[in-house]
Amino acid sequence: MEEGLISVDRWSEPSQAYFLSHLHTDHTKGLSRRWKRGPLFCSSITAKLLPTRFPGFNLSLLRVLEIGTPHSVSLVSPKSGLEITVQVVAIDANHCPGAVMYLFHGEFGSMLYTGDFRWETTSDRTQIAKAMLLNALGDDKLGMLYLDNTYCNPWFSFPPREVVAQQVVDLIASHPDHDIVIGINTLGKEDLLLHISRALKTKIWVWPERLQTMHILSYGDIFTTNTSITRVRAVPRESLTIDNLKALNTVRPTIGIMPSGLPWVRPANEKDASHGASHSNRHKRKMTIGGSSVDSSKVGESPSSPLMLNHHVYSVPYSDHSCFTEIREFIEFIRPSYIKGIVSSSTWYINPFHYFGNLCGAHKQMEESSKNIRSDLAENVEIIQTESSVGHDKFDEVKISTKVVRQAARKSRVSVVRRERKGVRITHMDDSSRTDFDV
DNA sequence: GCGATCAGGT
DNA sequence: CACACCTGATCGC
């Protein structure tokens, strides 16, 4: 078996050093409590949280990287047997607690793996990350950028999380007699809950395992597992179903709030905004103004109004991934030679190079390898988008695009990979012109 | 019985 | 759709 050098968010093949960007399960597939393949580098918060996910994990394998501080890792070239040094810097990814990007320098040049990240230029944390990236890059030009391209499509547009957090506060305040349930995952959205807690001067209920996580993050006194002292509860997102909300409402008036970037697909063209929204019969849009709720299609589009999914559940565009314009700003700042998306399981995957190739140094780059059918699909999706750019509902476009994706998949005898592994692995670098980056 | 992987669900 | 999960079946050890 081929010996690898370093792996990022990849755990199934041998390497000499392993890097974990954050503790969401789609980045830890293959990692287990019995891990013994090699040293695992991560941020200090991730290191503190890791034993809760993997009890009994061999802590002597953990290597904590301080944010912004360069660290040298000595490795042995699998081919030549010579010692080689790789420099790595962890940078705050502003995604979930402990999440970092990794910037590597080596004989292969430089590469940046963003993990999942949010690039809110209005946020202090992003400004600090920006300064650290500049500092770590020095005069070097970035070679390969492995990018969180989750929302790398102009359809995706949402405001900074601070803005949305205040909307959630307003939404809760406009329902003074309601219980509130907010759908969250095992890690992430803590800042939203802290904002709510501060603004409304209330503790927030979480389930017991989540309270343990909050304690590790030093938020212990804001959260509780006692239902009787607060009307605001954060619950596992999968439990926030219409049926559950109906059941809860037989006991006490309750609204659900779903923080997510996902339903917030918007036309790239602002002129189409109200058109697209009013044509959508899948969702009703509501805005709360002074405590009374009005249909926003009558008062014009706010780019950030809570979206009413049904009688009891609101969706708010609180996203831990960068939206399209933020991705663009990030790439304009970083100016890499090459880009590859690390999220490719999505049926609406678009090769980031499609939109941002002109911002890259190496112009004729990488047409994605033909074995990756999703890059072909991206082309199809784009064609549909331009063909139907006049007078069509964007939600229909999404459906058509998906259909095209499926058809293309069927035609090409290649099955669409449902579970796409994330992460990258560098297999060798003795010859810098032929370094293999395995995505 | 455990881990890894996969199919299927929200 | 699938953000980031979860459950349950199957296979190999």
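Per chain, numbering begins at 1; letters A, B, ... match sequence-line order.
Applying a 4.0 Å cut-off to non-hydrogen atoms, the residues of residues 232-245 of chain A that approach DNA chain C are A:Arg237, A:Glu238, listed by residue number. Contact check of residues 183-191 of chain A against DNA chain C (heavy atom, cut-off under 4.0 Å) returns A:Asn185, A:Thr186.
In this structure, A:Arg10 pairs ionically with A:Glu13, as a charged nitrogen and a carboxylate oxygen lie closer than 4.0 Å. Between A:Arg53 and A:Glu209 there is no salt bridge, since no side-chain N of the basic residue sits under 4.0 Å from a carboxylate O of the acidic one.
As rounded to whole Å, 16 Å separates atom P of C:dC3 from atom CZ of A:Arg118. A:Leu23 places its CG atom 14 Å from the C1' atom of C:dC5, with the value rounded to the nearest Å. Separating the CZ atom of A:Phe117 from the P atom of C:dC3 is a distance of 16 Å, rounded to the nearest angstrom. Whole-Å rounding puts the A:His22 NE2 to C:dC5 P distance at 8 Å. We find that CZ of A:Arg10 is positioned 12 Å from P of B:dT5, with the value rounded to whole Å. The CE atom of A:Met258 sits 14 Å away from the P atom of C:dA4 (whole-angstrom rounding). Atom NZ in A:Lys29 sits roughly 10 Å away from atom C1' in C:dA4 (whole-Å rounding). Note: CG (A:Asp320) to C1' (C:dC5) measures 14 Å, nearest angstrom.
Among residues two or more places apart in sequence or in another chain, the ring pair (Phe, Tyr, Trp, His ring centres under 6.0 Å) test is passed with A:Tyr151 by A:Phe156, A:Phe158, A:His321. In this structure, the ring pair (Phe, Tyr, Trp, His ring centres under 6.0 Å) partners of A:His27, at least two apart in sequence or on a different chain, are A:His22. Looking at residues two or more places apart in sequence or on another chain, you find a side-chain hydrogen bond (donor to acceptor under 3.5 Å, both in side chains) between A:Tyr113 and A:Asp9. Contacts of A:Thr241 classified as side-chain hydrogen bond (donor to acceptor under 3.5 Å, both in side chains), with partners at least two apart in sequence or in another chain: A:Asn244. Partners of A:Phe333 under the ring pair (Phe, Tyr, Trp, His ring centres under 6.0 Å) rule, at least two apart in sequence or in another chain, are A:Trp119. In this structure A:Val64 satisfies the side chain to side chain contact (heavy atoms under 4.5 Å, CB included) test together with A:Ser44, A:Ala47, sequence neighbours excluded.
Side chains of A:His24 and A:Asp116: a donor-acceptor N/O pair is absent below 3.5 angstrom, by distance only.
Among residue pairs with one or both ends in residues 220-236 of chain A, those qualifying as salt bridge (charged side-chain N to carboxylate O under 4.0 Å, His left out) are A:Asp179-A:Arg233; sequence neighbours excluded. Judged as a salt bridge (charged side-chain N to carboxylate O under 4.0 Å, His left out), the pairs with a partner in residues 306-330 of chain A (not counting sequence neighbours) are, in order, A:Arg118-A:Glu326, A:Arg161-A:Asp320, A:Lys189-A:Asp320.
Once rounded to the nearest 0.5 Å, the distance linking NE2 of A:His175 with CG of A:Asp170 reads 12.0 Å. The line from CD1 of A:Ile204 to CG of A:Leu211 is 12.0 Å long, rounded to the nearest 0.5 Å.
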Pairs under 3.5 Å (N/O, protein and nucleotides 1-4 of chain B):
residue: B:dC2; atom: O3'; partner: A:Arg34; partner atom: NH2; Å: 3.0
residue: B:dG3; atom: OP1; partner: A:Arg34; partner atom: NE; Å: 2.9
residue: B:dG3; atom: OP1; partner: A:Arg34; partner atom: NH2; Å: 2.5

Could you write out each protein N or O paired with an N or O of nucleotides 7-11 of chain C at a distance under 3.5 Å?
none

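For A:Ser12, taking side-chain heavy atoms from C-beta onward, the closest of the listed nucleotides C:dC3, C:dA4, B:dT5 is B:dT5.
Residue A:Asp116 is classed as a sugar-phosphate contact, given heavy-atom separations below 4.0 Å to backbone atoms only. The residue A:His95 sits close only to the backbone: its heavy atoms come under 4.0 Å of sugar-phosphate atoms, none of a base.
Residue A:His24 places none of its side-chain N or O atoms closer than 4.0 Å to OP1 or OP2 of C:dC3. Contact check, A:His321 against C:dC3: no side-chain N or O comes under 4.0 Å of OP1 or OP2.
The ring pair (Phe, Tyr, Trp, His ring centres under 6.0 Å) test with A:Phe324 is passed by exactly one of A:Phe356, A:Trp155, A:Phe330: A:Phe356.
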